[in-house]
Trainee: 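This structure is in structure tokens; I'll ask about it shortly.
Any value given below was found using the heavy atoms of this structure, including those in side chains, with hydrogens, waters and symmetry copies removed. Quick caveat, the model's predicted, so the values are computed rather than measured.
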Amino acid sequence: MRATYESDNDRAWQSRAAVKLSARLFLWFGDNVVTDERQYSKHDFTIKVGEWTAIAEYKRRTHKFGTYPDVTLSESKWAHLRSFDGPAFIIFEFTDGIYIGDVRHMPNLLSHLGGRTKQTRDQWDVHMCVQIPLEFLVSLNKWVPDIPQDLSTSLACLPLPNGPDS
């Protein structure tokens, strides 16, 4: 079995991202639940708005959005998100913000050998990956969820906040 390299700090970043995602969904739909799945799940978040359910994978990067033309995700994570019978999102947190993409609106991506090819920790660090072009990601602050409108509440009528990323 593979060793776990996720630290308490990594989990704290992921928890903060879950809160930000929930806050964004609240603007559109009111009450929602974003569950941080932690260990033993193939995805990081389960999102519930009424009867509607989605999943999301979260990844943190140590550079600004746009530093590279794409982001890497393991082929197994990509396949899991693509096979989900419902909305599936990929969330990348860069040093300058959180970005989200709806996997349903992305093309099939070709896989290649990649992963952590420098400073590898074990034999699983190098694996099949896909490259997701940045054009499929949008700032979480500008994201408009593609969720059935009949799930919305009166809170969805609130104006969007004006801010640096609005």
Side-chain angles (χ1 to χ4, degrees), residues 2-28 32 34-39 41-47 54-84 87-147 160-166:
R2 184 177 186 181
T4 301
Y5 296 103
E6 188 176 61
S7 69
D8 288 341
N9 189 45
D10 294 331
R11 286 186 283 279
W13 279 100
Q14 184 171 313
S15 293
R16 286 190 291 271
V19 170
K20 291 176 183 177
L21 175 61
S22 182
R24 183 65 181 170
L25 287 167
F26 187 83
L27 289 173
W28 295 96
N32 66 85
V34 177
T35 305
D36 191 344
E37 296 294 347
R38 299 288 177 203
Q39 292 180 306
S41 178
K42 287 190 174 187
H43 54 272
D44 293 318
F45 303 139
T46 300
I47 305 160
I55 62 171
E57 176 67 17
Y58 169 82
K59 298 292 181 194
R60 186 167 163 253
R61 298 294 182 249
T62 58
H63 54 81
K64 288 184 177 182
F65 181 83
T67 301
Y68 303 102
D70 49 36
V71 285
T72 301
L73 185 68
S74 74
E75 180 185 51
S76 62
K77 291 282 186 182
W78 175 252
H80 173 66
L81 294 170
R82 295 285 286 188
S83 68
F84 183 71
F89 304 103
I90 183 70
I91 300 167
F92 286 95
E93 183 161 4
F94 297 90
T95 58
D96 57 345
I98 299 176
Y99 291 77
I100 187 168
D102 189 332
V103 174
R104 297 173 299 172
H105 302 309
M106 295 180 192
N108 287 323
L109 299 173
L110 298 176
S111 58
H112 62 89
L113 193 61
R116 184 186 293 265
T117 56
K118 295 180 182 177
Q119 300 173 347
T120 56
R121 301 167 295 196
D122 58 37
Q123 72 261 28
W124 294 286
D125 270 355
V126 178
H127 53 271
M128 297 304 286
C129 297
V130 296
Q131 300 298 124
I132 301 171
L134 295 184
E135 66 194 56
F136 293 106
L137 303 178
V138 63
S139 169
L140 183 63
N141 294 331
K142 295 179 181 179
W143 178 57
V144 178
D146 184 10
I147 299 173
L160 291 177
N162 291 324
D165 291 323
S166 298

Trainee: Are any of the side-chain heavy atoms of Val138 and Ile100 separated by less than 4.5 Å?
Mentor: yes

Trainee: The criterion is salt bridge (charged side-chain N to carboxylate O under 4.0 Å, His left out); which residues satisfy it with Glu93, sequence neighbours excluded?
Mentor: none

Trainee: What is the distance from atom CZ of Phe94 to atom NZ of Lys64, rounded to the nearest 0.5 Å?
Mentor: 13.0 Å

Trainee: What are the two closest non-hydrogen atoms of Arg104 and Asp102, and how far apart are they?
Mentor: NH2-OD2, 2.6 Å

Trainee: What is the distance from atom OG1 of Thr46 to atom CD1 of Ile55, rounded to the nearest 0.5 Å?
Mentor: 7.5 Å

Trainee: Mark yes or no for whether Arg24, through its side chain, and Asn141, through its backbone, hold a donor-acceptor pair below 3.5 Å.
Mentor: yes

Trainee: Less than 4.5 Å apart, side chain to side chain, heavy atoms only: is that true for Ile90 and Trp78?
Mentor: no

Trainee: Could you tell me the separation between the CD atom of Gln14 and the NZ atom of Lys59, rounded to the nearest 0.5 Å?
Mentor: 8.5 Å

Trainee: If every non-hydrogen atom of Ile47 is compared with every non-hydrogen atom of Leu21, which pair is closest and at what distance?
Mentor: CD1-CD2, 3.7 Å

Trainee: Are any of the side-chain heavy atoms of Ile98 and Trp143 separated by less than 4.5 Å?
Mentor: no

Trainee: Between Phe136 and His105, which heavy-atom pair has the shortest distance, and what is it?
Mentor: CE2-O, 3.8 Å

Trainee: One pair to check against side chain to side chain contact (heavy atoms under 4.5 Å, CB included): Leu73 and Leu109. What are the steps and the verdict?
Mentor: CA-CA 11 Å; Leu73 185 68; Leu109 299 173; over 6 Å; no

Trainee: List for me each residue that meets side chain to side chain donor-acceptor pair (under 3.5 Å) alongside Ser76, sequence neighbours excluded, and say none if there are none.
Mentor: Ser74

Trainee: Between atom CD1 of Ile91 and atom NE2 of His43, what is the distance when rounded to the nearest 0.5 Å?
Mentor: 11.5 Å

Trainee: Less than 4.5 Å apart, any side-chain heavy atom of Leu81 and any of Glu57?
Mentor: yes

Trainee: Which of these passes ring-ring contact (aromatic ring centres under 6.0 Å, His included) with Tyr99: Phe65, Phe89, Phe92?
Mentor: Phe65

Trainee: Does the plane of the ring in Tyr58 sit parallel, tilted or perpendicular to the ring in Phe45? Use 30° and 60° as the thresholds.
Mentor: tilted

Trainee: With a 4.5 Å cut-off on side-chain heavy atoms, are Val103 and Arg82 touching?
Mentor: yes

